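The structure appears below as structure tokens.
Residues: numbered from 1 along the sequence shown. Just so it is clear, the structure is predicted and the values come from calculations on it, not from any experiment.
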Amino acid sequence: MISCERKTNETEIAIKLSIKGKGNYKINVENQPFFQHMLEAFVKNAAFDLELNARGDLQHHIIEDCAILLGQAFEKELSKQNIARYGSFILAMDDALVLTSIDISSRPYCSVEFNEQNFKNFSIEGFDLENIGEFMRAFSNNAKVTLQIKVLNGTNKHHITEAIFKCFGKALRIATSDDKTIEMPSTKGIL
């Protein structure tokens, strides 16, 4: 388990992360119950263990800084030997259908495709849905992974958002799973 902290003029966040966990969590994001729920769904589906405490001035800052710190902790915690490296998952949740694909490549790239116009100026319990892409990009950049998410179907914004976070967790779980067949899953010999 790795511990990381991030303190800025805008936020104060502390986490403990184990990527070889059982989906246990103790998460408290001050004044952001829906975002906290999304983090819990992500962790449970990734089978990571996470303790996270976050507080800050603005929702956007808390969400982005949580993703930055989570990505940094993930990158430090992960041994890139004997892992599957790639992970993809398609998740159905009621009307929502989401595809997520990950490459633990040390080359950050993020693409999140959904009808962002439908998410502009829309929030669930104070969580501005346009911050979904910001969270994923901040995680990808700091974890140094290629992350592609595509919403294939859905109209209910709650279902779509929850499916995105759950599918993200499932794909990461697959990518970080043990694979003893190849010690280093790269022809370059390094990730």
First locate atom CD1 of Ile15, then atom SG of Cys4, and finally report the distance between them rounded to the nearest 0.5 Å.
5.0 Å
Minimum heavy-atom separation for Val151 and Ile160, please, with both atom names.
CG2-CG2, 3.9 Å
Look up atom CG in Asn141 and atom CD in Glu64, then write down how far apart they are to the nearest 0.5 Å.
9.5 Å
Determine the minimum heavy-atom distance between Phe89 and Cys167, stating which atoms define it.
O-SG, 3.1 Å
Linked, directly or transitively: Ile102 and Leu99 (ILVMFWY side chains, under 4.5 Å):
no
Side-chain donor or acceptor of Ser177 paired with backbone N/O of Ala84 under 3.5 Å:
no
For Phe139, the ring pair (Phe, Tyr, Trp, His ring centres under 6.0 Å) test, sequence neighbours excluded, returns Phe74, Phe168
Atom NE2 in His37, atom CD1 in Ile124: separation rounded to 0.5 Å?
9.5 Å
When you compare the side chain of Glu75 with that of Lys80, does any pair of heavy atoms fall below 4.5 Å?
yes
Roughly how far, to the nearest 0.5 Å, is the OH atom of Tyr86 from the OG1 atom of Thr146?
9.0 Å
Within the 4.5 Å heavy-atom criterion, are Arg173 and Asn45 side-chain neighbours or not?
no
Would you sort out whether Asp95 and Asn153 count as a side chain to side chain contact (heavy atoms under 4.5 Å, CB included), showing the intermediate values?
CA-CA 7 Å; Asp95 60 304; Asn153 196 29; 5.7 Å; no
With side chain to side chain contact (heavy atoms under 4.5 Å, CB included) as the test, would you mind laying out the steps for Lys150 and Ser101 before giving the verdict?
CA-CA 9 Å; Lys150 188 172 222 168; Ser101 190; over 6 Å; no
Result block: side-chain N/O donor-acceptor pairs under 3.5 angstrom for residues 50-57, not counting sequence neighbours:
from  : atom 1 : to    : atom 2 : distance (Å)
Arg55 : NH2    : Glu12 : OE1    : 3.0
Asp57 : OD1    : His61 : ND1    : 2.9

Nearest-0.5 Å distance, OG1 of residue Thr161 to CG of residue Asn156:
8.5 Å
Distance in Å, Ser123 OG paired with Glu125 CD, rounded so as to fall on 0.5 Å steps:
9.5 Å
Can you check whether Phe48 reaches Leu172 side chain to side chain, under 4.5 Å on heavy atoms?
yes
Treating Asp179 as the side-chain partner and Asn82 as the backbone partner, does any N or O pair qualify as donor plus acceptor under 3.5 Å?
no
ILVMFWY cluster, Ile27 and Phe42 together (side-chain gap under 4.5 Å)
yes
Using a distance-only test with no angle check, is there a side-chain donor-acceptor pair under 3.5 angstrom linking His60 and Asn131?
yes
Val29 side chain near Leu39 side chain, heavy-atom distance below 4.5 Å
yes
Heavy-atom check, side chain of Glu40 versus side chain of Phe165, under 4.5 Å:
no
Using the salt bridge (Lys or Arg N to Asp or Glu O under 4.0 Å) criterion, which residues pair with Glu134? Sequence neighbours excluded.
Arg137
Atom pairs and distances, side-chain donor-acceptor, residues 18-25, under 3.5 Å, sequence neighbours left out:
from  : atom 1 : to     : atom 2 : distance (Å)
Lys20 : NZ     : Thr176 : O      : 2.4
Lys20 : NZ     : Asp178 : OD1    : 3.4

So, using salt bridge (Lys or Arg N to Asp or Glu O under 4.0 Å) as the criterion, who are the partners of Glu162 when residues are at least two apart?
Lys166
Using the ring pair (Phe, Tyr, Trp, His ring centres under 6.0 Å) criterion, which residues pair with Phe127? Sequence neighbours excluded.
Phe34, Phe35
Side chain of Asn142, backbone of Gln72: donor and acceptor closer than 3.5 Å?
no
Can you find a pair of side-chain heavy atoms, one from Leu17 and one from Met1, that are under 4.5 Å apart?
no
On a heavy-atom basis, the closest approach of Pro108 and Ser140 is CB-O, 3.5 Å
Hey, any chance Ile104 and Ile174 share a hydrophobic cluster, counting ILVMFWY side chains that come within less than 4.5 Å of each other, even indirectly?
no
Group every Ile, Leu, Val, Met, Phe, Trp and Tyr by side-chain heavy-atom contacts under 4.5 Å, then state whether Phe122 and Met136 land in the same group.
yes
Please check this pair: side chain of Glu5 against backbone of Ile13, looking for a donor-acceptor N/O pair closer than 3.5 Å.
no
Under a 4.5 Å cut-off applied to non-hydrogen side-chain atoms, are Val98 and Ile90 in contact?
no
Cluster link Leu129 to Met38, ILVMFWY, side chain under 4.5 Å
yes
Tell me, do Thr100 and Gln148 make a side-chain contact under 4.5 Å, heavy atoms counted?
no
Quick check: closest heavy atoms across Ser79 and Ile83, and the distance to 0.1 Å?
O-CG2, 3.4 Å
